[in-house]
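Before any comments, here is the structure.
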Amino acid sequence: MIEVSAGIIRREDGRVLICRRGEGRSNAHLWEFPGGKLEAGESPCDCLKRELLEELSLPVEGLREICRSEAQGILFHFIEGTAQAEPRLTEHEAFAFVEEREMLGYAFCPADTEIARALALNDPPLRHFFWDFDGTVMDTYPAMTEAFVRMAARLGVDISHQRALSLLKNNLTHALRVLADENGLDAAAMVPLYREKERETLRRMARPVAGIPEALRALPGRHYLVTHRDRAALDYLDTMGLKGFFADFVVEDDGFPRKPAPDSLLHLVRKHGLDPAECVMIGDRPLDTAAGRNAGMLSCLLDEEGRFPDDPCELRTASATELPALLCPAKP
């Protein structure tokens with residue numbers, strides 16, 4: 001098996017060295033922890049010391065292996081160390097010394113992605129989890145889509161479930177406005193009819209998003225709900241046995257501006273004396289992740305259908321079952 005050493009090299013201020021691979025190399029233009037292949041009879045630490053001198057003219061000291069991982073038949077040794085000098089580029093196209101949390105903003109090579117995320121999310125670890133309701137905690141979109149289609153039919157408009165869902169994933173106001181503009185209807189007058197149909201369908205169809213009960217149970221910290229829905233959201237949570245997982249709630253009745261405005265999140269941060277660096281906002285739409293970033297916390301997109309590939313969230317997943325490992329990885 002091929003073995004590779006990769007360096008978690010810190011300078012005196014604690015920032016970590018990362019390098020961007022150059023044109024013509026595998027994983028070109030992605031970032032990595034610098035290093036290289038072990039030669040015959042070479043220890044992982046000796047390999048790293050040699051490679052960093054050859055590639056970056058960078059002497060390092062205090063080397064110790066902190067973890068290993070295997071990918072595509074290659075065994076990676078991740079080794080901590082310190083450096084006093086600045087690197088000089090010969091093979092890479094760029095370098096940066098970054099704080100560990102800042103690594104979430106860089107696109108790493110596949111072999112380095114998990115270790116970068118583990119370092120970033122343990123400095124400090126996340127302890128407070130802010131959740132959107134519709135499409136994140138509760139799978140309400142099938143009921144909402146059915147209600148929208150039924151409302152449209154009542155008004156003499158034929159719309160597919162697929163298109164209704166696409167419009168609703170933006171937000172209800174947008175969906176009603178588009179339907180009204182296309183069919184010469186009054187969007188405001190449609191709201192009561194939609195809400196009537198929605199109450200009927202939610203009672204029958206609303207269920208927790210797959211994996212959410214397990215994620216709420218597994219994540220090590222406190223949970224907070226931030227929703228545009230009224231207090232009926234708490235009744236749905238209670239019916240499904242989920243309300244007890246949450247330390248506090250903000251609902252429509254509380255009167256805060258709608259997301260992506262951060263006011264509702266900041267209210268909870270102040271009320272409970274939270275450190276935003278230990279908080280993450282989890283939602284299924286860009287307005288949720290934007291609210292998190294606007295509140296100075298991390299954002300995580302739960303995008304089961306891959307609808308928002310360009311959302312600038314720091315974290316993303318297609319499955320709620322992956323949330324505990326994604327948000328709270330073990331410290332390397």
Side-chain angles (χ1 to χ4, degrees), residues 101 104 117 120-122 124-141 202 206-254 256 258-304 313-330:
R101 180 58 63 84
L104 294 174
R117 181 167 50 82
L121 293 179
N122 280 283
L126 296 175
R127 304 180 189 278
H128 305 287
F129 306 93
F130 289 64
W131 298 85
D132 171 54
F133 180 82
D134 290 291
T136 305
V137 172
M138 291 291 290
D139 186 13
T140 54
Y141 276 101
L202 282 173
R207 297 290 184 275
V209 167
I212 281 295
E214 294 80 4
L216 291 169
R217 202 172 292 119
L219 285 166
R222 304 181 78 190
H223 303 290
Y224 306 85
L225 188 78
V226 182
T227 179
H228 295 159
R229 194 172 286 281
D230 63 20
R231 297 194 69 82
L234 308 188
D235 296 332
Y236 293 121
L237 291 178
D238 199 24
T239 299
M240 297 298 164
L242 300 180
K243 186 177 178 182
F245 285 111
F246 292 89
D248 207 347
F249 315 86
V250 169
V251 297
E252 182 184 44
D253 313 56
D254 294 313
F256 290 101
R258 297 172 71 87
K259 295 173 287 186
D263 304 55
S264 54
L265 285 73
L266 292 173
H267 162 74
L268 291 171
V269 166
R270 290 189 292 266
K271 179 179 178 181
H272 296 279
L274 310 182
D275 180 355
E278 298 178 344
C279 300
V280 59
M281 177 67 205
I282 307 157
D284 68 305
R285 295 180 294 172
L287 61 84
D288 299 312
T289 59
R293 292 190 299 277
N294 292 340
M297 60 181 69
L298 291 179
S299 62
C300 178
L301 184 69
L302 176 56
D303 190 10
E304 293 182 307
C313 55
E314 295 87 359
L315 299 156
R316 67 168 60 235
T317 181
S319 172
T321 60
E322 298 176 354
L323 284 170
L326 175 70
L327 300 176
C328 298

A side-chain contact here means heavy atoms from C-beta on lying under 4.5 Å apart; do [X] and [Y] qualify?
{"X": "Leu234", "Y": "Leu225", "value": "yes"}
{"X": "Phe129", "Y": "Cys328", "value": "yes"}
{"X": "Val269", "Y": "Phe130", "value": "yes"}
{"X": "Arg293", "Y": "Pro262", "value": "no"}
{"X": "Pro124", "Y": "Arg101", "value": "yes"}
{"X": "Phe249", "Y": "Lys243", "value": "yes"}
{"X": "Phe256", "Y": "Val226", "value": "no"}

Closest non-hydrogen atom pair, [X] against [Y]:
{"X": "Thr321", "Y": "Gly211", "result": "CG2-CA, 3.8 Å"}
{"X": "Cys279", "Y": "Leu126", "result": "O-CD2, 3.8 Å"}
{"X": "Leu302", "Y": "Gly135", "result": "CD2-O, 4.4 Å"}
{"X": "Ala291", "Y": "Ala261", "result": "CB-O, 4.1 Å"}
{"X": "Pro276", "Y": "Ala295", "result": "CB-O, 4.2 Å"}
{"X": "Tyr224", "Y": "Ala247", "result": "CE2-CB, 4.0 Å"}

Open item on the list: Test side chain to side chain contact (heavy atoms under 4.5 Å, CB included) on Arg222 and His272; report intermediate values, then the result.
Closed with: CA-CA 11 Å; Arg222 304 181 78 190; His272 296 279; 4.3 Å; yes
Atom [atom1] in [X], atom [atom2] in [Y]: separation rounded to 0.5 Å?
{"X": "Ser319", "Y": "Glu304", "atom1": "OG", "atom2": "CD", "answer": "7.0 Å"}
{"X": "Met281", "Y": "Ser264", "atom1": "CE", "atom2": "OG", "answer": "7.5 Å"}
{"X": "Cys300", "Y": "Leu326", "atom1": "SG", "atom2": "CG", "answer": "5.0 Å"}
{"X": "Arg231", "Y": "Leu237", "atom1": "CZ", "atom2": "CG", "answer": "11.0 Å"}
{"X": "Leu315", "Y": "Ile282", "atom1": "CG", "atom2": "CD1", "answer": "9.0 Å"}
{"X": "Leu266", "Y": "Met297", "atom1": "CG", "atom2": "CE", "answer": "6.5 Å"}

Keeping the roles fixed (side chain from [X], backbone from [Y]), state whether a donor-acceptor pair exists under 3.5 Å.
{"X": "Asp303", "Y": "Arg316", "result": "no"}
{"X": "Asp275", "Y": "Ala277", "result": "yes"}
{"X": "Asn122", "Y": "Pro329", "result": "yes"}
{"X": "His128", "Y": "Leu274", "result": "no"}
{"X": "Thr136", "Y": "Asp284", "result": "yes"}

Open item on the list: Between Leu121 and Leu104, does the side chain to side chain contact (heavy atoms under 4.5 Å, CB included) criterion hold? Intermediate values first, please.
Closed with: CA-CA 9 Å; Leu121 293 179; Leu104 294 174; 3.9 Å; yes
Open item on the list: If we check side-chain contact (heavy atoms from CB on, under 4.5 Å) with Met138, which of these qualifies: Leu242, Thr227, Val209, Leu202?
Closed with: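 Answer after filtering Leu242, Thr227, Val209, Leu202: Leu242.
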- [ ] Please say which of Arg285, Lys259, Arg229 ends up in a side chain to side chain donor-acceptor pair (under 3.5 Å) with Asp132.
- [x]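 Of all the options given, the one that passes is Lys259.
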Open item on the list: Quick one, Phe245 with Val137, criterion side chain to side chain contact (heavy atoms under 4.5 Å, CB included). Give me CA distance, side-chain angles, the key distance, then yes/no.
Closed with: CA-CA 11 Å; Phe245 285 111; Val137 172; over 6 Å; no
TODO: For the pair Glu252 and His228, evaluate side chain to side chain contact (heavy atoms under 4.5 Å, CB included) and give the outcome as yes or no after the intermediate values.
DONE: CA-CA 5 Å; Glu252 182 184 44; His228 295 159; 5.6 Å; no
